[in-house]
Undergrad: 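Submitted below is the structure of interest, expressed as structure tokens.
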Amino acid sequence: MKPFISPKLLFILAVFLFSRNQSQKTDSVTEKTDSGELDRTILPIPEPPFGGKIGETYKDSKEEWPKLVTPPQGVPNVIIILLDDVGFGQVSTFGGPVPTPELDKLADKRFKI
């Protein structure tokens, strides 16, 4: 007996729905808040959409350089490090065998306050 939906069609449908869901997330993230500031609740802050024009030649094109994201006044410096599935490669700062002297220095400064 043949399946009701072929595996190829099911795969194409899944890719379509996933890409549609991702584009909806990206659109909502790049919007600014009511105060006109960037939405900083989701990291990393996404790049703004390209506002220039790409023509057939460089004469038909219009450049636009990306604007740098700057932190609000008075915010603390924060380092976010995401490690996924490092196994035996865990860094020494967290008890692993891989030496990371600079991260150890940062951790020592933070926890000796």
Side-chain angles (χ1 to χ4, degrees):
M1 179 176 199
K2 287 187 173 183
F4 182 69
I5 297 177
S6 73
K8 288 181 183 178
L9 181 61
L10 186 61
F11 176 74
I12 292 170
L13 181 63
V15 169
F16 171 75
L17 291 175
F18 178 76
S19 63
R20 180 175 167 87
N21 188 23
Q22 292 301 315
S23 67
Q24 288 173 350
K25 286 181 184 176
T26 304
D27 292 343
S28 65
V29 170
T30 56
E31 292 178 4
K32 294 187 177 186
T33 60
D34 294 336
S35 64
E37 292 290 319
L38 291 172
D39 181 8
R40 296 176 185 271
T41 59
I42 298 174
L43 294 176
I45 295 173
E47 293 182 21
F50 179 65
K53 176 187 170 196
I54 300 175
E56 288 188 29
T57 68
Y58 74 94
K59 292 179 181 179
D60 301 330
S61 302
K62 178 186 162 212
E63 67 181 16
E64 181 188 74
W65 295 97
K67 295 165 188 68
L68 295 177
V69 177
T70 56
Q73 192 68 23
V75 298
N77 289 331
V78 176
I79 297 174
I80 297 175
I81 300 173
L82 174 64
L83 301 172
D84 183 25
D85 196 24
V86 292
F88 292 111
Q90 184 62 277
V91 296
S92 63
T93 307
F94 302 105
V98 178
T100 53
E102 297 303 316
L103 288 177
D104 293 339
K105 289 177 192 175
L106 282 173
D108 287 343
K109 286 181 186 178
R110 173 67 179 120
F111 295 113
K112 287 185 180 179
I113 293 177

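All figures in this text were calculated on a predicted structure; none of them were measured in a lab. Note: hydrogens, waters and symmetry copies are ignored here, and every other heavy atom, side chains too, is used. If you read the sequence from its start, that first residue is 1, and numbering goes on from there.
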Undergrad: Output all residues satisfying salt bridge (charged side-chain N to carboxylate O under 4.0 Å, His left out) with Glu102, sequence neighbours left out; order by chain, then residue number.
TA: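 With sequence neighbours excluded, Glu102 shows a salt bridge (charged side-chain N to carboxylate O under 4.0 Å, His left out) to Lys105, given in chain and number order.
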Undergrad: My understanding is that only residues two or more places apart in sequence, or in another chain, count here; which of them pass side chain to side chain contact (heavy atoms under 4.5 Å, CB included) with Pro97?
TA: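 Side chain to side chain contact (heavy atoms under 4.5 Å, CB included) list for Pro97, sorted by chain: empty.
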Undergrad: What pairs with Thr100 under side-chain hydrogen bond (donor to acceptor under 3.5 Å, both in side chains), at least two apart in sequence or on another chain?
TA: Ser92, Thr93
Undergrad: Sequence neighbours excluded, which residues qualify as side chain to side chain contact (heavy atoms under 4.5 Å, CB included) partners of Thr57?
TA: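 Partners of Thr57 under the side chain to side chain contact (heavy atoms under 4.5 Å, CB included) test: Lys59, Asp60.
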Undergrad: Taking only residues two or more places apart in sequence, or in another chain, which ones meet Asn77 in a side chain to side chain contact (heavy atoms under 4.5 Å, CB included)?
TA: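 For Asn77, no residue satisfies side chain to side chain contact (heavy atoms under 4.5 Å, CB included) once neighbours in sequence are set aside.
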Undergrad: Mind checking side chain to side chain contact (heavy atoms under 4.5 Å, CB included) for Phe50 and listing every partner two or more places apart, or none if nothing turns up?
TA: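 For Phe50 the side chain to side chain contact (heavy atoms under 4.5 Å, CB included) partners, ignoring immediate neighbours, are Ile54, Glu64.
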Undergrad: Is there a path of hydrophobic side-chain contacts, each under 4.5 Å between heavy atoms of I, L, V, M, F, W or Y residues, that connects Val98 with Leu103?
TA: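 In one cluster: no.
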